[in-house]
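Comments concern the structure below.
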Amino acid sequence: MDDKLDTRRVRYFIQVLESGSVRGAADVLDMDPSAVSRAIGILEKECGVPLLERHGRGVVPTDAGQMLAGYVRRQQNQKQHLLAQMDSIRKIERGHIDIVAGEGYVDWLMRHSLRDFMTTHPKITIDLDVASTDEIVRRIVEERAHIGMLFQPPKDERLTSHQSHAQPIQTMVQASHPLARLGRPLKLADLLPYPGATLHRNFGVRQHIEAAEISEGVRLPALLTTTSFSALGHFVSAGLGYTLGTRISLTPNADNTTLVELPMKNPLLSQGRSHIVSRHGRMLSPAAAALLRLIVTDMRRYADLATGKERRAAPRARGVAA
C-alpha cells in the first residue's frame with residue numbers, strides 16, 4: 001500500500017480530518033484550498049475509493065477514509081515506538097505523554113501518580129485533558145491519547161482495560177441535610193423532595209443514574225446540570241442540595257467535614273467500575289508505559305484501601321439500618 005500513497009498527500013488528508021474541512025486544513029498548511037482539494041482528489045484516485053464526504057460545512061471520513069487514517073496513525077505510532085525504544089537508553093529522561101480522564105480523577109492523579117512521576121521524571125512533558133466518557137473513548141481509540149481513566153466505558157474491543165475496580169455511586173449532602181438523618185441506604189425516591197445537581201448524559205455516572213431511575217420508576221429533577229464535578233461539590237458545599245457521584249470523583253471534598261457520603265440501595269448504582277484504559281494493540285512509548293504502570297499500581301492500592309474501609313463500615317451500617 002505504501003507504494004500507492006504519496007506521503008505529502010496523506011499528510012494533507014490527515015490535516016483535513018483534524019481540521020474538519022478543506023479550508024481549515026489549508027489555513028493550517030498555509031496553502032490554497034483548491035490545491036489541498038486537488039491533492040485529496042489524486043489520493044482518492046490512488047486508493048480507488050472516496051475518502052471524504054461532505055457533512056454540514058465541513059467533511060468527515062468515509063469508511064475507507066477511516067481505514068486510511070487508522071493505518072497512517074498506526075504507522076506513525078510504530079515509528080514513534082521505534083524511536084522511543086532507541087531513546088529508552090536514556091532511562092526515560094525525555095518524552096511526552098497524553099492523558100485524558102474524567103474530571104473526577106484529576107484530583108486523585110495530582111495527589112498520587114502524576115505528582116510522583118513528574119517529580120522523578122522532570123523532563124517528561126504531560127498533557128492532562130478532562131473529557132466526558134464518550135470523548136475519552138474516542139480519543140483513546142483514535143490514538144490521540146496514551147492513557148484514559150473513566151467510569152464504566154462501553155464494551156469496545158479496541159480498548160484494553162489495565163485495571164478496574166468497583167465505584168459505587170453515592171449521595172453527597174451536608175451533614176445537616178435531612179437525608180443524612182435517615183440512617184439507612186437511600187432510595188432514589190428519598191431524593192425527590194430536595195434539589196439536586198447532576199452531570200450531562202454523556203457521562204458514565206449519569207448514564208448509570210438514569211438506568212437506576214428507570215428501574216425504580218423515578219425521574220430526579222435537576223436544579224443544576226453540568227460537565228464539572230467541581231461544580232457538583234460546590235453546589236453541595238453551598239447548601240443548595242444533593243449530588244450523586246462516585247467516591248473518587250468526590251475526593252476533593254473529602255477534607256470538608258460538613259459533607260457526608262450516603263450509600264444507595266439500588267444495586268445498579270453499585271455495579272459501575274472505574275477503568276484505566278489504552279488503545280488495544282498500541283505500543284506505548286517507554287515513558288507512557290512507565291506512567292501507566294505507576295497509575296495501575298497506585299489505583300490498585302487505592303481500591304484495596306477503599307474496600308477495607310467499606311468492610312469496616314459495613315457492620316455499623318447494618319446496625320443503623322436495623
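All residue numbers refer to positions in the sequence shown, counting from 1. Since the structure is predicted, the reported quantities are computational estimates derived from the model, not experimental observations.
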Which residue is it: D98, I276, V296? I am looking for the one with a side chain to side chain contact (heavy atoms under 4.5 Å, CB included) to I147.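 Output: one option passes, namely I276.
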In terms of hydrophobic clustering (I, L, V, M, F, W, Y; side-chain heavy atoms under 4.5 Å; direct or indirect links), are [X] and [Y] co-clustered?
X: V10; Y: V59; result: yes
X: L128; Y: L292; result: yes
X: Y71; Y: F13; result: yes
X: M299; Y: V106; result: yes
X: L186; Y: L232; result: yes

Does [X] pair with [Y] as a salt bridge, N-O distance under 4.0 Å?
X: R139; Y: D129; value: yes
X: E216; Y: K187; value: no
X: R301; Y: D304; value: no

Can you tell if the side chain of [X] reaches within under 4.5 Å of the side chain of [Y], non-hydrogen atoms only?
X: H177; Y: V260; answer: no
X: Q163; Y: H275; answer: no
X: I295; Y: M149; answer: yes
X: R184; Y: K265; answer: no
X: L262; Y: V173; answer: yes
X: E261; Y: T171; answer: no
X: R279; Y: V141; answer: yes
X: T246; Y: P168; answer: no

Are the side chain of [X] and the backbone of [Y] linked by a donor-acceptor contact shorter than 3.5 Å?
X: T226; Y: L199; value: no
X: Y105; Y: L150; value: yes
X: E103; Y: F229; value: yes
X: Q207; Y: R201; value: yes
X: T243; Y: A197; value: yes
X: S19; Y: V16; value: no

Output, in order, the C-alpha distance, side-chain angles, deciding distance and verdict of salt bridge (charged side-chain N to carboxylate O under 4.0 Å, His left out) for R74 and E143. CA-CA 9 Å; R74 286 193 298 274; E143 299 187 4; over 6 Å; no
If you measure from [atom1] on [X] to [atom2] on [Y], what distance do you get to the nearest 0.5 Å?
X: R9; Y: R38; atom1: CZ; atom2: CZ; answer: 12.0 Å
X: Q15; Y: S21; atom1: CD; atom2: OG; answer: 10.0 Å
X: E135; Y: I140; atom1: CD; atom2: CD1; answer: 10.5 Å
X: T125; Y: I97; atom1: OG1; atom2: CD1; answer: 8.0 Å
X: Q66; Y: L51; atom1: CD; atom2: CG; answer: 11.0 Å
X: I169; Y: Q271; atom1: CD1; atom2: CD; answer: 10.0 Å

Over 12 non-hydrogen atoms of neighbours within 6.0 angstrom of [atom1] in [X]:
X: R73; atom1: CZ; value: yes
X: R115; atom1: CZ; value: yes
X: R282; atom1: CZ; value: yes
X: H96; atom1: NE2; value: yes
X: D63; atom1: CG; value: no
X: R8; atom1: CZ; value: yes

Report the C-alpha distance between D107 and R111 in whole Å, list the side-chain angles of each, state the deciding distance to 0.1 Å, and finish with yes or no for salt bridge (charged side-chain N to carboxylate O under 4.0 Å, His left out). CA-CA 6 Å; D107 184 82; R111 288 174 183 253; 2.5 Å; yes
Contacts of E142 meeting salt bridge (Lys or Arg N to Asp or Glu O under 4.0 Å) (sequence neighbours excluded), chain-then-number -> R144
At their closest point, which heavy atom of [X] faces which heavy atom of [Y], and how far apart are they?
X: P221; Y: L192; value: CD-CD2, 4.0 Å
X: A101; Y: L109; value: CB-CD1, 4.5 Å
X: A39; Y: Y12; value: CB-CD1, 3.5 Å
X: L244; Y: L191; value: CD1-CD1, 4.0 Å
X: A69; Y: L17; value: CB-CD1, 3.6 Å
X: P33; Y: V22; value: O-CG1, 3.5 Å

Stepwise, does the side chain to side chain contact (heavy atoms under 4.5 Å, CB included) test hold for R273 with Q167? CA-CA 5 Å; R273 300 184 69 83; Q167 275 287 298; over 6 Å; no
Donor + acceptor pair across side chains of [X], [Y] (<3.5 Å):
X: D134; Y: S132; answer: no
X: S215; Y: N266; answer: yes
X: E53; Y: H55; answer: no
X: H162; Y: S278; answer: yes

Does E213 form a side chain to side chain contact (heavy atoms under 4.5 Å, CB included) with L220? I'd like the steps, not just the answer. CA-CA 7 Å; E213 287 177 329; L220 295 175; 3.2 Å; yes
F151: partners by ring pair (Phe, Tyr, Trp, His ring centres under 6.0 Å), with sequence neighbours left out: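 Listed in chain order: H208.
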Please enumerate all residues that pass ring pair (Phe, Tyr, Trp, His ring centres under 6.0 Å) together with F235, with sequence neighbours excluded. none
Between L268 and I209, is the side chain to side chain contact (heavy atoms under 4.5 Å, CB included) condition met? List the steps. CA-CA 8 Å; L268 290 177; I209 294 170; over 6 Å; no
Which is it for I124 and M118 under the side chain to side chain contact (heavy atoms under 4.5 Å, CB included) test, yes or no, and what are the steps along the way? CA-CA 7 Å; I124 293 179; M118 298 181 77; over 6 Å; no
Show the numbers, then the answer: is there a side-chain hydrogen bond (donor to acceptor under 3.5 Å, both in side chains) between T227 and H200? CA-CA 6 Å; T227 60; H200 282 286; 5.8 Å; no
